[in-house]
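Just follow the structure's listing: the first ligand is 1, and inside any ligand the first atom is 1. All values below were derived from every heavy atom in this structure, side-chain atoms included, with hydrogens, water molecules and symmetry-related copies excluded.
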Amino acid sequence: MNKYTEDFKKKLNKGGYKITNQRKVIYDVLMKSIGEHLNPEEIYELVREVDSDIGIATVYRTTKLFEEVGILSKVLFNDGCARYEVVLSEDESHGHHHLLCKNCGKIIEVKIDLLNELEELIEKEYDFEIHTHSLKFYGLCKNCKEEEINGS
Ligand SMILES: [Zn+2]
Ligand SMILES: [Zn+2]
Ligand SMILES: [Zn+2]
């Protein structure tokens, strides 16, 4: 059993769930999409290639369950579409921030995080205990910016 499978088992058991074949298939698909931000329909498309017996309702149910036990984390953008990404480490409450291109919908991950200082400031100023923060930037990606300049 590799590290990922152990983690999978541990998280499911903690939530009181068992490993089923379908959950395993969906989990494997997600593990191959690390770093991507997929909505349930896109997850379903990938799952269907592996096991066509798994319906979209099962995928919806399973992504919710995976979110509950901390395998997936939901990323919400202004477009109202819920996307999921794999949680890689438990102590990282939010591994990174996101840039969303308003033109092509591309999502870019940003690892730069200068918010720890701001958090300290806010905690002092407002006597508020911060557990996490989420930050999204909306704009145009490199390609779309160039297209705009070229007027095509
Ligand atoms: Zn773009
Ligand atoms: Zn991400
Ligand atoms: Zn941050």
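In Asp113, the N, O or S atom that comes nearest to the Zn ion (ligand 3) is OD2. Distances from the Zn ion (ligand 2) to each N, O or S atom of Glu85 single out OE1 as the nearest. Minimum-distance N/O/S atom of Glu109 relative to the Zn ion (ligand 2): OE2.
With 2.8 Å as the limit, His96 does not count as an N, O or S neighbour of the Zn ion (ligand 3).
When rounded to 10 degrees, the angle formed at the Zn ion (ligand 1) by SG (Cys104) and SG (Cys141) equals 110°.
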Just list the side-chain donor-acceptor pairs under 3.5 Å for residues 30-38, sequence neighbours left out, or say none.
from	atom 1	to	atom 2	distance (Å)
Ser33	OG	Val29	O	2.8
His37	NE2	Glu85	OE1	2.7
His37	NE2	His98	NE2	3.0
His37	NE2	Glu109	OE2	2.7

Practice task
Decide yes or no on side-chain contact (heavy atoms from CB on, under 4.5 Å) for Leu12 and Phe66, but give the supporting numbers first.
Solution key: CA-CA 8 Å; Leu12 275 185; Phe66 283 0; 4.3 Å; yes
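Lys24 is linked by a side chain to side chain donor-acceptor pair (under 3.5 Å) to Asp28, counting only residues two or more places apart in sequence or in another chain.
With hydrogens and angles disregarded, no donor-acceptor distance shorter than 3.5 Å links the side chain of Arg23 to the backbone of Thr62. Under the 3.5 Å distance criterion, the side-chain polar atoms of Lys106 are left unmatched by any main-chain donor or acceptor of Cys101.
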